[in-house]
Amino acid sequence: MRKEKLLMTPGPTMLPPEVLSVMGRQIIHHRTEDFTSTLDGLQESLRPVFGTDGPILVFASSGTGGMEAAIANLFSRGEAVLNVSVGAFGERMGRIAEAFGLEVIDLSHEYGEAADVGRAKAALEGDAAGRIKGVLLTHNETSTGVTNDVRAFAALTEGTARLLVVDAISALGGLEMRMGEWGVDCVFAGSQKSLMAPPGLSFTALSEKAWEATRRSDLPKFYWDYGKYRKGITGELAENPPYTPAITLMMAQRAALDLMRAEGLANVYARHARLAKAVRAGAKALGFAVFPDERVSSDIITALTPPEGVKPTELIKAMNDGYDVMVAGGQGKLKGKILRIGHCGYSEADDVLRAISALERASWGVGHRFGPGAGVAAAQREIMGGSA
Ligand SMILES: *Cc1c(COP(=O)(O)O)cnc(C)c1O
């Protein structure tokens with residue numbers, strides 16, 4: 001007899017029972033009042049998570065769809081963007097911008113580093129002609145376990161003609177975002193990471209400055225055309241949204257947001273921070289190193305370098321096969337070098353303890369030696385607020 005497999009991957013994440021039960025309901029039609037109230041409720045619950053009063057666009061897509069839509073709607077032919085990349089997902093945003101013919105000025109960082117505001121400031125100051133129309137930034141770089149200081153970047157673009165475009169696919173719902181207050185122009189997120197819903201939805205919110213840019217944008221788009229979705233929301237277009245929405249996923253997402261609201265957003269963020277501390281403490285007690293500088297290490301996903309002689313791929317397989325805990329490996333350049341434990345969304349102390357216990361037993365199983373119980377004890381101490 002085995003317990004349900006525990007996904008501790010940085011998306012998709014486990015689903016709360018309240019969300020699962022919604023997924024089993026009969027479908028409703030999308031041109032009905034029932035659906036309209038689902039969409040309105042979803043907008044209403046997402047606004048505080050984004051920190052905006054504006055409309056939230058909901059696409060049936062993975063996060064990358066939301067990323068592509070942002071590029072296609074905010075910029076125009078021949079424009080330049082500064083791509084502040086700290087890992088694989090930052091690189092992806094640059095490649096999308098290139099695919100749309102934008103001139104991409106690369107400001108990439110070593111993997112494990114956080115985005116350097118000073119370097120970005122210098123690059124923007126060096127662009128006296130104002131060719132750079134946007135700054136592309138990842139809130140939480142899921143491939144390296146690094147969180148960037150979005151607010152500091154917003155200070156560079158606020159009050160200028162430039163747009164700050166933020167990939168918050170993994171961050172939104174797990175890390176604080178106050179786009180209105182901070183002056184962020186475009187934020188997009190995915191349903192399957194910190195937002196506790198199944199994969200398949202992306203959400204996007206824009207500042208007024210960004211909406212202005214969408215009116216000028218001449219890049220090709222049809223399904224992704226923000227303008228049509230906005231008109232649906234304002235009533236200028238009879239169909240809202242313009243195309244058949246992912247109805248069931250939207251209902252599931254709404255149920256997940258109800259849970260987050262009941263917990264309180266500040267408590268949700270504090271829970272993630274506490275779990276991150278426990279994961280770091282547990283892993284370090286077993287001889288693992290946190291891959292990025294701990295000051296910029298993410299609260300929603302922890303990237304770890306294993307001790308000498310321990311191969312991440314073997315460890316991940318042992319955790320999965322032996323203990324039913326699934327964690328992720330490295331991507332791209334980090335393949336085979338790190339392992340990544342996701343603790344975003346529907347994650348609690350019990351899950352982290354089970355994951356650290358699995359990490360501990362799997363490490364022992366591949367021949368690594370330490371004082372048995374060291375990892376679990378260290379994680380438990382953090383969970384108990386250092387009082388144990
Ligand atoms: C997961 C992720 C993506 C890709 O999202 P998909 O839903 O797989 O398309 C992009 N950026 C970040 C930061 C992510 O965490």
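Both ligands and their constituent atoms are indexed starting at 1 by order of listing. For the single chain, residues carry numbers from 1 onward in sequence order.
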Student: How would you list, by chain and number, every residue that makes a side chain to side chain contact (heavy atoms under 4.5 Å, CB included) with S45, sequence neighbours excluded?
Tutor: R254, L257, R261

Student: Can you give me every donor-acceptor pair (side chain of residues 310-318, partner residue at least two apart or in another chain, under 3.5 Å) with its distance?
Tutor:
from : atom 1 : to   : atom 2 : distance (Å)
K317 : NZ     : D321 : OD2    : 2.5

Student: Identify, chain by chain and in numerical order, each protein residue with a heavy atom under 4.0 Å from an atom of ligand 1.
Tutor: S62, G63, T64, M67, F89, R92, T138, N140, T142, D167, I169, S170, Q192, K193

Student: Measuring centre to centre across the rings, with the benzene-like ring taken for any Trp, is F370 within less than 6.0 Å of W364?
Tutor: yes

Student: Using side-chain hydrogen bond (donor to acceptor under 3.5 Å, both in side chains) as the criterion, list what pairs up with D106, not counting sequence neighbours.
Tutor: S108

Student: Distance alone, cut at 3.5 Å: any donor-acceptor contact between the side chains of K221 and Y226?
Tutor: no

Student: Is the closest basic N to carboxylate O distance between R216 and E79 below 4.0 Å?
Tutor: no

